[in-house]
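Single-structure report; data block below.
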Protein chains: 2
Amino acid sequence: MANQGPDAPRQAEHSAETGAASKARLRLWLRMLKSTRQVEAALRDRLRTEFDTTLPRFDVMAALDRFENGLKMSALSGVLRVSNGNVTGIVDRLAEDGLVVRVQVPGDRRASLVRLTRKGQEEFARQAAAHEAWLSELLSDFTTEEALTLADRFDALAHREEDE
Amino acid sequence: MANQGPDAPRQAEHSAETGAASKARLRLWLRMLKSTRQVEAALRDRLRTEFDTTLPRFDVMAALDRFENGLKMSALSGVLRVSNGNVTGIVDRLAEDGLVVRVQVPGDRRASLVRLTRKGQEEFARQAAAHEAWLSELLSDFTTEEALTLADRFDALAHREEDE
DNA sequence: CAAAAAAGGTTTGAGCTTGAAATACTCTGC
DNA sequence: GCAGAGTATTTCAAGCTCAAACCTTTTTTG
């Protein structure tokens with residue numbers, strides 16, 4: 001893609017608006033996306049072959065593992081930042097496999113709490129350990145310090161977008 | 001590679017078997033993923049509301065825009081790094097809308113080249129301009145220099161994974 | 001040359017994802 | 001009480017995604 005114009009962005013350097021900055025950010029975005037997708041693909045593949053599960057299922061279980069008291073469906077979709085209806089199906093399938101349960105909330109017949117079962121906890125523990133190891137391998141280009149620095153950098157970005 | 005040994009590294013403060021490094025990388029991964037998804041969600045939303053299209057459609061058109069002579073289906077899925085069958089459906093829908101065409105390859109009755117139509121080119125040009133502007137806005141936390149530095153950093157990562 | 005292997009694509013089945021509409025329940029104010 | 005507003009969740013249609021199975025057409029090879 002890059003340099004199609006023979007001498008496109010010459011001229012004075014008051015580029016500012018559609019200029020160099022936006023090209024640089026576009027470039028960054030494309031790399032980020034590529035890297036993220038590669039890591040995601042690797043994780044998905046290993047989850048599938050070694051645990052016969054999927055990334056979304058893992059994500060849901062990870063969220064539930066952090067909240068031992070369970071999460072309401074809406075809270076779950078909020079934490080994962082996916083749509084409401086989405087979570088319904090994933091939880092359905094996890095429940096079929098006996099990894100999570102829906103517990104009725106006493107005072108409110110609309111809501112239910114989703115919680116990991118014992119089996120779910122044990123299964124997730126195994127998956128999470130493997131997941132962390134895979135990731136460390138996949139991101140081994142980054143030293144501990146660099147990883148932490150970058151993590152904070154992205155954190156700022158994430159927070160900025162968060163409240164919309 | 002990984003220092004898994006029961007007593008491989010330790011000593012000088014980094015006892016790090018499954019330790020600090022992998023936690024840091026896990027943290028980085030979670031932030032990357034969150035940021036990437038937020039940007040993706042924003043882009044998807046705007047593509048939908050302003051151009052009535054989707055990110056995968058945009059990606060396909062972007063790939064075709066870079067190769068004016070067209071791409072074979074297999075090359076297209078290679079460039080985009082998605083599965084074969086996936087591209088079939090997206091191209092089908094783009095073709096229905098008159099944005100791309102499938103052209104028979106002379107010497108080979110199996111293959112066809114996919115190409116942007118005139119209309120597709122024009123439509124993509126509008127979308128790409130908007131896309132670049134949105135991105136610059138979404139990533140405005142990063143200066144030009146920082147963006148380029150990070151892009152290179154991720155590039156290394158991407159290339160490392162590439163050949164598997 | 002014919003059988004086997006490989007290459008290019010599509011189809012299929014299962015699951016993920018979204019946004020919108022539908023359902024069901026709770027709460028507020030009158 | 002009860003109408004309406006608001007909350008919690010599910011259902012639905014359309015589209016994306018993958019892996020695996022499946023055609024068809026080339027290419028290889030015995």
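It should be emphasised that the depicted structure is a prediction, and the values quoted were computed from it without experimental measurement. In what follows, chains carry the letters A, B, and so on, assigned in the order in which the sequence lines appear, proteins first and then strands, with residues in each chain numbered from 1.
Within the nucleic acid shown, B/Gly107 comes within 4.0 Å of sugar-phosphate atoms alone, with no base atom in reach, counting heavy atoms only. Residue A/Leu55 is out of contact with every strand shown, counting any heavy-atom pair closer than 4.0 Å. When heavy atoms are screened at a 4.0 angstrom cut-off, B/Arg57 is found touching the sugar-phosphate backbone but no base atom. Backbone-only engagement by A/Arg102 is indicated by non-hydrogen atom pairs under 4.0 Å involving sugar-phosphate atoms exclusively. Counting non-hydrogen atoms under 4.0 angstrom, A/Ser83 reaches a base of the nucleic acid.
When the nearest nucleotides of DNA chain D are assigned to A/Arg44 and A/Ser112 by heavy-atom distance, the more 5′-ward of the two goes with A/Ser112. Closest-nucleotide positions on DNA chain C for B/Arg48 and A/Arg93 were compared, and the one nearer the 5' end corresponds to A/Arg93.
Under a 3.5 Å cut-off, the side chain of B/Arg115 and the backbone N or O of B/Val101 do not form any donor-acceptor pair.
Tested against A/Val87, the residues A/Asp92, A/Val79, A/Leu76 include a single side chain to side chain contact (heavy atoms under 4.5 Å, CB included) partner, A/Leu76. Between A/Arg57 and the options A/Thr54, A/Asp59, A/Thr53, a side chain to side chain donor-acceptor pair (under 3.5 Å) holds for only A/Thr53.
As a whole-Å value, the separation of B/Asn84 CG from C/dA6 P is 17 Å. Here the C1' atom of nucleotide C/dA20 and the CG atom of B/Asp45 are 14 Å apart, to the nearest Å. One atom, CG of B/Leu80, and another, P of D/dC16, lie 12 Å apart when rounded to the nearest Å. The distance between atom CG of A/Asp108 and atom P of C/dC25, rounded to the nearest whole Å, is 10 Å. Remark: C1' of C/dT18 and CZ of A/Arg81 are 16 Å apart, rounded to the nearest angstrom. In this structure, B/Ile90 places its CD1 atom 15 Å from P of C/dT11, rounding to the nearest Å. Whole-Å rounding puts the B/Asn86 CG to D/dC16 P distance at 8 Å. Rounded to whole angstrom, the span from the CG atom of A/Asp92 across to the P atom of C/dA14 amounts to 16 Å.
The side chain of A/Arg109 lies closest to C/dT26 when the candidates are C/dT26, D/dT10, D/dA8.
For the residue pair B/Gln104/B/Ser112, the side-chain donor-acceptor check at 3.5 Å is not satisfied.
With hydrogens and angles left out, the side chain of A/Arg110 and the base of D/dT7 share a donor-acceptor pair within 3.5 Å.
Salt bridge status for B/Arg46 with B/Glu137: present, with a side-chain N to carboxylate O gap under 4.0 Å.
Here B/Ser74 does not reach the OP1 or OP2 of C/dA7: none of its side-chain N or O atoms lies under 4.0 Å away. Taking 4.0 angstrom as the limit, A/Thr88 places none of its side-chain polar atoms (N or O) nearer than this to OP1 or OP2 of D/dT11.
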